[in-house]
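Note sheet for the following structure.
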Amino acid sequence: MFNRLAYSLFPVFLLASSALAQTPTGEIEGTISDPSGAVIAGAKVTVTNPATNVQRVIQSNELGLYSAPALPPGIYNIRAEKAGFSTQVRNTLELQTGQVAKIDIAMQVGNVAETVEVTAAPPVVESETTSLGTVIENRRIVDLPLNGRNYLQLASLIPGATTNGPASSQGQQRMGGARNQFALNVAGQRVHYNHYSLDGMENTDPNFNTYLFLPSIDALQEFKVESGIFQAEYGRGIAQVNATTKSGTNEFHGTVFEFLRNAKLDAKNYFDRKNVPKPAFKRNQFGGTVAGRILRDKLFFMGNYEGLRERRDLTQLGTLPTAALRSGNIGRAIVDPFSTGRVPFPNNVIPANRIQATSAKVLSEFFPLPNNSGATGLANNYINNEGRSSDGNQGSGRLDWVQSPSSNLFFRFSQTVEPQYIPSIINGQGNVASIYAQQGVLGHTKVFGTNKINEFKFGVNYFKSSNSQTRAGVRNVVGELNIPDIDRSNPLFWGIPVFQISGYSNVGECNDCPFVNWNTSGMLSDNFSWIKGKHQVKIGGEYRRVRYNQIGAVVPRGRFSFSGQYSGDAVADYLLGAMSNTEGQVGAPIANMRSNYMALYIQDTWKVTSKLTLNYGLRWEYESPWYDKHDAIVNIDFRWDHSIEPTYVRAGTGDPFQGNPQFPLPANVKYTRDGRFGRGAFMPDRNDMGPRLGLAYSTRPLPSAATNPATPPCRISAGRCRSPRKAHPPSS
């Protein structure tokens, strides 16, 4: 594990991930005024997190405005002081992910030693931005019932979001696992348009755009789902899911849990047959979390582990040839397709010496006999009660270091291992799906003076997913059967070919196995905020790099179909080796794709009046064309008007047949490698500019006391976000 982690984290140039999502911090801002409503400049405002005693000290500017950006979500106390005025205190303000909490403070004339504490403050209204989203805080994450402890199920509480939509069918077929069984649709968009982040680090699988790492709910502080037009610091997102892990505090906290589900504790299903026992089902989900301090007020930690052990019996029904059929006794009129004049077989029986040797070997080893004595006729004469197993071991560790009141660092490392066995209709011919993922993120927040702040973040993901047949690397069945024209050199492709006999269940290991991805991605981002008068200007950018490696397969062991069109019966065709259709994979689809992404932005939040806030900005993005490490991409140069002969063009320059491809093109096909398209899969586009404009207006002043209720602001926004089409990785 440690060698693999070092390999993943060491090279700084291997940066980046999918689109950078919302920063997992919040902001507190407002106006300091006297009893007459005149603004107060130079007031000292102290924002304190009582759990860690971390403080941020700022001053109101000449317009009476103060702002404390880049604050981790949590509970805060606010203290405002100014000579000639009583000290004002606002306690237990809950700041959420992505929130801009406006807290206006009206100071009373008096001695600074006098303290006025507001204990019945009205709810905070976010009136400074035009983005819309909903936060699911820790209390709801922990207290609400979750089947399987997947916090994303709570996204269904958010307006415009549902978890009942269709999941990724291709993802379920090729990757498998819990990621591709779950679906989150926001604002009517497809599941592939979601982007997940964890502590500001991109948490999206670059293949099917599912989540990469699913933290335990006991390790989560909160999460937020947003859709629509974002500010310029955020790119390429239609729906953003931004989660934040917990940090330690001065007090020690811990949880230990065990959730048990067992069929022995369940009532029998009303529709189950009385003489058949309940299918076995055992599920254990267990773990714990501990958080606290290493050095009081300075160094904090959080550690979490969660395990899963699930065993579930599945009853699957199939239809297989009977012993009589397997011996050649078809029981219906059949003809000899290889005889002159298609002579019928005597007594509808195929002689033993006419049964093809390969067909007999496959029947004896891979076609089990029917075992369902209760079946009527051939239909559903086979039962497979083979169980499905799902395991999981995941953990996270986080350190927070308060270097000084103006400098804070945090580091988190997470890892998950998730093996799973998925049975098929035929016993012993299922799939082995496994996930191995690591994520590391380092963040630094630095305050300069009272009006400048910088946020730096570096992170790396390593994600490996595999969905393979049981006999991969174990048994070369194609070689044993001596089936020609099928590549058997790669042990990853070993296994049972697929045999399709019309009217019967398919036998063989999956058509699209193996499917293996191992990707390294990371990001480097920096955001600088400067508060000047009525303006809060934010400038920043990001760089990322993705290494996307894949071995796929489409019928790698062959698929052989028997329809009965030759002899009059599908089983007879199979025994005679009279195939109606054959399929096989030409070459091995292997990808070693690389891509770079860069973005720069500038964003201004202009407090025009106490009621009107204007957000405007500009974002530039460039994503390089995906290119293959070995220049294996081939495009076609053609014209819609047929003015030129279509030409296959391999990426790069030099010999187009470099690497000795297994299946070279015929000589009459035009094929070149002259660099006309470069190395990429598409032409580069360096003109992606995304302007953003938003307006938030409050119809009445925002509350400064409990007696002045809040009024939700009106919001209008417009802009241009990068099309998700180019954000997707190479076609899977």
Side-chain angles (χ1 to χ4, degrees), residues 173 315-339 342 344-345 347-373 375-384 386 423-431 469-471 475 477-478 480-486 495-513 554-585:
Q173 180 184 25
T315 301
Q316 300 187 79
L317 297 175
T319 302
L320 294 175
T322 63
L325 289 170
R326 294 156 64 107
S327 68
N329 187 358
I330 305 303
R332 56 183 293 188
I334 54 174
V335 299
D336 184 353
F338 301 109
S339 65
R342 295 173 55 85
F345 281 105
N347 301 318
N348 304 323
V349 176
I350 300 174
N353 63 350
R354 292 293 307 279
I355 296 177
Q356 213 269 346
T358 300
S359 299
K361 180 177 177 61
V362 172
L363 272 178
S364 64
E365 293 202 41
F366 307 119
F367 275 76
L369 286 166
N371 59 5
N372 184 9
S373 58
T376 303
L378 285 174
N380 298 328
N381 61 6
Y382 177 78
I383 297 179
N384 180 15
E386 190 178 16
S424 69
I425 290 179
I426 308 301
N427 194 319
Q429 298 181 15
N431 297 1
Q469 64 280 8
T470 306
R471 291 164 183 78
R475 185 175 179 185
V477 177
V478 173
E480 295 176 14
L481 299 176
N482 198 28
I483 301 176
D485 301 324
I486 294 180
I496 307 173
V498 176
F499 298 92
Q500 297 179 328
I501 303 176
S502 295
Y504 298 86
S505 300
N506 292 351
V507 170
E509 294 175 302
C510 61
N511 293 317
D512 286 351
C513 290
V554 180
V555 200
R557 293 165 295 282
R559 179 164 52 195
F560 308 95
S561 301
F562 305 86
S563 65
Q565 68 185 76
Y566 298 107
S567 67
D569 183 86
V571 174
D573 276 7
Y574 170 77
L575 294 174
L576 295 167
M579 292 169 280
S580 59
N581 189 57
T582 63
E583 300 170 76
Q585 176 174 280

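Reckoned from all heavy atoms, side chains included, excluding hydrogens, waters and symmetry mates. It should be emphasised that the depicted structure is a prediction, and the values quoted were computed from it without experimental measurement.
- Side chain of Gln585 to main chain of Val554: a donor-acceptor pair is present (N/O by atom type, distance under 3.5 Å, no hydrogens or angles).
- The ring-ring contact (aromatic ring centres under 6.0 Å, His included) search around Phe560 returns Phe499, not counting sequence neighbours.
- Applying the side-chain hydrogen bond (donor to acceptor under 3.5 Å, both in side chains) test to Asn371 and every residue at least two apart in sequence or in another chain returns nothing.
- Summarising the geometry of Val555 relative to Glu583, their closest heavy-atom pair is CG1-O, 3.9 Å, with the distance given to 0.1 Å.
- Not counting sequence neighbours, the partners of Cys513 by the side chain to side chain contact (heavy atoms under 4.5 Å, CB included) test are Asn431, Asn467, Gln469, Cys510, Arg557.
- Residues meeting the salt bridge (charged side-chain N to carboxylate O under 4.0 Å, His left out) test with Arg475, sequence neighbours left out: Glu365, Glu480.
- For Ser567 (side chain) and Ile334 (main-chain N/O), no donor-acceptor pair under 3.5 Å exists by modelled atom type.
- For the pair Tyr574 (side chain) and Ser359 (backbone), a donor-acceptor distance under 3.5 Å is present.
- Heavy atoms only, all atoms of each residue included: Phe366 and Ile426 are closest at O-CG2, 4.1 Å.
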Ignoring hydrogens and angles, write down the donor-acceptor pairs under 3.5 Å from the side chains of residues 324-332, residues two or more places apart or on other chains.
| unit_1 | atom_1 | unit_2 | atom_2 | d |
| --- | --- | --- | --- | --- |
| Arg326 | NH1 | Phe367 | O | 2.7 |
| Arg326 | NH2 | Leu363 | O | 3.0 |
| Arg326 | NH2 | Phe367 | O | 3.3 |
| Ser327 | OG | Ala324 | O | 2.7 |
| Arg332 | NH1 | Asp569 | OD1 | 3.3 |
| Arg332 | NH2 | Gly568 | O | 3.4 |

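- Applying the salt bridge (charged side-chain N to carboxylate O under 4.0 Å, His left out) test to residues at least two apart or on different chains, the pairs with a partner in residues 495-513 are Arg174-Asp512, Arg471-Glu509.
- In this structure, the side chains of Val478 and Pro497 come closer than 4.5 Å at one or more pairs of heavy atoms.
- Shortest non-hydrogen contact noted between Thr319 and Gly503 is CG2-O, 3.9 Å.
- Residues Thr470 and Gly428 approach most closely at OG1-O, 4.0 Å, considering heavy atoms.
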